[in-house]
A.B. asks: 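This is the structure, below, for whatever I ask next.
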Amino acid sequence: MELFEHYLMLAKRLNYSQARQPLSVRTLANELSCTERNAKLLVQKMQKRGWIEWRPGKGRGHVSYIRLLADYDAVVIAEAKKRASEQSLDAAIQLVQTYSRSHASSRSFIDSILNSINLEQIEQEDHLRFPTYRGVCALDPATIHRRTENHLMSHLFNQLVKYDPKNGCYIPDLAHYWETDTTNTKWTFYLRKNIFFHNGQPCTAVEVGASFLRHTEKSPYYWGIQHLHRLSALSPYTVEFCFSKPTPHFLAFAASLGGAIVYKDEMTSFPIGTGPFSLSDHSSKRLRLQAFPRYFSTRPHLDAVTMYIFPALYDNEPETAFLAANQLNFYHYPYVEKEEHHFQQQHSMDIGCKLLSLNKKHGLCANDTRLREALFHFLDPHSMIQDIGGTRSIPADRVFAQGQSVLTTRNRLKGQASLLKSNYHGEELQLYSYTGAGNERDAGWIEQTLKAEGISVRLHLLPYHELQQLDLEQKADLLLGEQLGYDDKVYGYFSLFFDRHRFLYSHVGTDDLEKAKRLWHQELKTETLLASLQTIETSLCQAHYLLPLYRLKQFALYPEYVKNVALNAYGWVDYTTIWLKRGKS
């Protein structure tokens, strides 16, 4: 154990107080797990460093006194900087992750380390680094559908086709050409050649077929292949999908992460794709992406991207909080002191929203129109945004940020009148959500707001994967979560209704699902299709089974030498476009 670790143990024993405290040599030795002789030697070394003041007791029975002189955080920062220079930046940040004591100190540590070390002398890579508040689940589209994971998976995998938001159409990706028959039941895709997975294996029709067939009923994307009755590799580079029902909008699904082509290798737990980055490290402490040198399209300018996991951090903060602290919300190569550079900013508004769904199939809300009206009027997004703050920016008047408002203005008095006319008599409403993404604060606000109006709510906040295992149709009166937004509006609406990891699927009525399914199998122009899907959404919102709450303000703050920054639909920075300008101007 190193000297600084002994000091940190001692500081913890003294409750980090800098007041003079009695401490015998025997007790000190026990606390430091060493002999009394070694304890005295350690004390001498700490005194020389100026970390402590030690007054030994003279004679038998006389008490020794100790006082901390060095700030705990300062000792950790100094050691972290030393490790960054002598070992690696990862070693320094791992130390911070192990010993940081608070949210504020974690940010201070990271900011200090990443902006005071000459990293250009330590490593030659263009390496983007930043802290984040939560770990990342297994990056497999067949098991997860969540904002952060989707963002990262979009850099790991390719699909047969991709959606071009500028022109509103689908364009080639792994497939260079495709065709469908007149009944829209058979789709054939022709693959590019010489495309390789991150493990060096070639991408062929066999891997494409296996990727789609991985979507079992538990997958969030099962709906896209539910009526697939045959999938054939006609040749190494030709794959055919045959459906039992017309599937005219299959390209919308194929371009989504549900259509991600994944190589299943039993030798590794890491997901393997063909994308511009590969996953080189994934633990509870960090996640690292490396540029894939054999990527078939344009190679990223960055060499690596690393996320450091700090559970004490919270990601739902406004950009003013970062500016006030002179901090960035993602980190970079600090070629010069950041004060010499002007901050650049980019903002966007979330396409999707935070959403509360009310159970249409079972429980108190299912058949009580007045109770749903009361909940609608009490849960005013304007008040929610004002009370909680963070990146909660504007009220959501419908699920996606498009089209006209479908909701009336909230009115507390109307809510109270509706509650009196309802069948509610003090029963406890069950609200379920998953931890993270601001759900703890949102759920707490909902609970307190409804409690003030005489409505009792019990909160159930569970890890994402645990929540997905529950029968939410039977258990949950209210479900709180995010509805992600997408560039492809058609896919966004079908995902809203069909995705089994999105909460609406557990609450929406069978009649609504049947309407959406008929549209999935019906060939319509995009404008007509969207209007029909929005009609279903409007009906659910006006009946108060869907309560859109707010949209997040998405932002990036960065120094001027970080170039070509772009925010994607998930509100994250697209790593495939960034480059770092070297040298001083």
Side-chain angles (χ1 to χ4, degrees), residues 138-143 145 153-163 169-276 278-279 292 294-297 488 491 494 498 520-521 523:
L139 297 173
D140 186 343
T143 63
H145 190 179
M153 289 189 291
S154 71
H155 292 78
L156 297 174
F157 304 114
N158 289 100
Q159 291 89 334
L160 292 171
V161 297
K162 56 186 177 181
Y163 182 74
C169 63
Y170 301 98
I171 59 176
D173 198 14
L174 294 180
H176 65 86
Y177 184 78
W178 57 90
E179 57 191 358
T180 185
D181 65 355
T182 56
T183 65
N184 290 313
T185 58
K186 183 170 72 174
W187 287 84
T188 309
F189 294 86
Y190 302 87
L191 307 181
R192 301 176 191 265
K193 297 179 180 179
N194 291 324
I195 293 179
F196 296 92
F197 288 99
H198 299 149
N199 61 355
Q201 296 298 314
C203 178
T204 69
V206 172
E207 287 76 34
V208 170
S211 295
F212 281 86
L213 294 177
R214 293 172 65 246
H215 294 299
T216 64
E217 289 190 13
K218 293 184 178 180
S219 168
Y221 297 99
Y222 175 67
W223 58 271
I225 63 162
Q226 188 172 7
H227 298 288
L228 180 66
H229 75 87
R230 188 177 73 250
L231 197 158
S232 306
L234 302 182
S235 78
Y237 300 103
T238 308
V239 60
E240 182 182 81
F241 297 78
C242 293
F243 294 89
S244 58
K245 292 185 177 182
T247 312
H249 311 296
F250 181 59
L251 289 182
F253 179 80
S256 75
L257 279 170
I261 308 307
V262 183
Y263 187 95
K264 198 62 178 175
D265 189 344
E266 301 300 332
M267 301 299 292
T268 178
S269 60
F270 284 4
I272 299 174
T274 60
S278 64
L279 186 65
F292 180 39
R294 299 184 73 178
Y295 183 50
F296 70 93
S297 188
D488 185 354
Y491 170 77
F494 282 127
F498 299 149
W520 174 249
H521 297 299
E523 186 172 10

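Values reported hereafter were calculated over all heavy atoms of this structure, with side chains retained and with hydrogens, waters and symmetry mates removed. These numbers were taken from a predicted model, which means no experiment stands behind them.
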A.B. asks: How long is the span from the OG1 atom in Thr180 to the CZ atom in Phe250, to the nearest 0.5 Å?
C.D. replies: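 That separation rounds to 10.0 Å.
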A.B. asks: Side-chain donor-acceptor contacts of residues 236-248 below 3.5 Å, not counting sequence neighbours, with atom names and distances?
C.D. replies:
{"unit_1": "Thr238", "atom_1": "OG1", "unit_2": "Ser235", "atom_2": "OG", "d": "2.9"}
{"unit_1": "Ser244", "atom_1": "OG", "unit_2": "His227", "atom_2": "O", "d": "3.3"}
{"unit_1": "Thr247", "atom_1": "OG1", "unit_2": "Lys245", "atom_2": "O", "d": "3.0"}

A.B. asks: Using the test side chain to side chain donor-acceptor pair (under 3.5 Å), find all partners of Arg214 that sit at least two apart in sequence or belong to another chain.
C.D. replies: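 Side chain to side chain donor-acceptor pair (under 3.5 Å) check on Arg214 returns Asp140.
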A.B. asks: Can you give me the closest heavy-atom contact between Leu251 and Trp187, atom names plus distance?
C.D. replies: CG-CZ3, 3.7 Å
A.B. asks: Output, in order, the C-alpha distance, side-chain angles, deciding distance and verdict of side chain to side chain contact (heavy atoms under 4.5 Å, CB included) for Leu156 and Val262.
C.D. replies: CA-CA 9 Å; Leu156 297 174; Val262 183; over 6 Å; no
A.B. asks: Just to verify, what does Pro220 make a side chain to side chain contact (heavy atoms under 4.5 Å, CB included) with, not counting sequence neighbours?
C.D. replies: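 Counting only residues at least two positions away or on another chain, Pro220 forms a side chain to side chain contact (heavy atoms under 4.5 Å, CB included) with His145, Asp499, His501.
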A.B. asks: Determine which pairs satisfy salt bridge (Lys or Arg N to Asp or Glu O under 4.0 Å) with at least one residue from residues 189-200, sequence neighbours left out, and list them in order.
C.D. replies: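 For residues 189-200: none.
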A.B. asks: Rounded to the nearest 0.5 Å, how far does CZ of Phe292 lie from OG of Ser278?
C.D. replies: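 Result: 7.0 Å between the selected atoms.
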A.B. asks: Take Leu139 and Leu279, measure what side chain to side chain contact (heavy atoms under 4.5 Å, CB included) needs, and give me the verdict at the end.
C.D. replies: CA-CA 9 Å; Leu139 297 173; Leu279 186 65; 4.2 Å; yes
A.B. asks: Which residues pass the side chain to side chain contact (heavy atoms under 4.5 Å, CB included) test with Ser154, not counting sequence neighbours?
C.D. replies: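 With neighbours one apart ignored, the set is empty.
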A.B. asks: Shortest non-hydrogen contact from Phe157 to Pro271?
C.D. replies: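 Closest pair (atom of Phe157, atom of Pro271, distance): CZ-CB, 3.6 Å.
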A.B. asks: Say you draw a straight line from NZ of Lys162 to CG of Asp173; how long is it, rounded to the nearest 0.5 Å?
C.D. replies: 5.0 Å
A.B. asks: Should the ring pair Phe498 and Trp223 be called parallel, tilted or perpendicular, given that the plane angle runs from 0 to 90° and is split at 30 and 60?
C.D. replies: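 Phe498 vs Trp223 ring planes: tilted.
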A.B. asks: List the residues meeting side chain to side chain donor-acceptor pair (under 3.5 Å) with Tyr170, not counting sequence neighbours, and say none if there are none.
C.D. replies: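 Listed in chain order: Asp488.
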A.B. asks: How long is the span from the CD atom in Gln159 to the CZ atom in Phe189, to the nearest 0.5 Å?
C.D. replies: 11.5 Å
A.B. asks: Could you go through residues 195-209 and list every donor-acceptor pair under 3.5 Å that involves a side-chain atom there, pairing it with any protein atom two or more places apart or in another chain?
C.D. replies:
{"unit_1": "His198", "atom_1": "ND1", "unit_2": "Gly273", "atom_2": "N", "d": "3.3"}
{"unit_1": "His198", "atom_1": "ND1", "unit_2": "Gly273", "atom_2": "O", "d": "3.4"}
{"unit_1": "His198", "atom_1": "NE2", "unit_2": "Gly273", "atom_2": "O", "d": "3.4"}
{"unit_1": "His198", "atom_1": "NE2", "unit_2": "Gly275", "atom_2": "N", "d": "3.3"}
{"unit_1": "His198", "atom_1": "NE2", "unit_2": "Gly275", "atom_2": "O", "d": "3.1"}
{"unit_1": "His198", "atom_1": "NE2", "unit_2": "Phe277", "atom_2": "O", "d": "3.1"}
{"unit_1": "Asn199", "atom_1": "OD1", "unit_2": "Gln201", "atom_2": "N", "d": "3.2"}
{"unit_1": "Thr204", "atom_1": "OG1", "unit_2": "Val206", "atom_2": "N", "d": "3.4"}
{"unit_1": "Thr204", "atom_1": "OG1", "unit_2": "Glu207", "atom_2": "OE1", "d": "2.5"}
{"unit_1": "Glu207", "atom_1": "OE1", "unit_2": "Thr204", "atom_2": "N", "d": "2.9"}

A.B. asks: Can you name the residues that form a side chain to side chain donor-acceptor pair (under 3.5 Å) with His215, not counting sequence neighbours?
C.D. replies: Ser219
A.B. asks: Heavy atoms, side chains only, cut-off 4.5 Å: are Pro172 and Tyr177 in contact?
C.D. replies: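 Pro172 does not reach Tyr177 side chain to side chain.
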A.B. asks: Partners of Phe296 by ring pair (Phe, Tyr, Trp, His ring centres under 6.0 Å), sequence neighbours excluded?
C.D. replies: none
A.B. asks: Not counting sequence neighbours, which residues clear side chain to side chain contact (heavy atoms under 4.5 Å, CB included) with Ser297? List them please.
C.D. replies: Tyr295
A.B. asks: Say you draw a straight line from CG of Leu213 to OG of Ser211; how long is it, rounded to the nearest 0.5 Å?
C.D. replies: 9.0 Å
A.B. asks: With sequence neighbours excluded, what pairs up with Glu179 under the side chain to side chain donor-acceptor pair (under 3.5 Å) test?
C.D. replies: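 If we apply the side chain to side chain donor-acceptor pair (under 3.5 Å) test to Glu179, skipping adjacent residues, the hits are Tyr190.
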A.B. asks: Apply side chain to side chain contact (heavy atoms under 4.5 Å, CB included) to residues Leu160 and Phe212 and explain how you reach the verdict.
C.D. replies: CA-CA 11 Å; Leu160 292 171; Phe212 281 86; 3.9 Å; yes
A.B. asks: Apply side chain to side chain contact (heavy atoms under 4.5 Å, CB included) to Ile261 and Leu174, showing your working.
C.D. replies: CA-CA 9 Å; Ile261 308 307; Leu174 294 180; 3.4 Å; yes
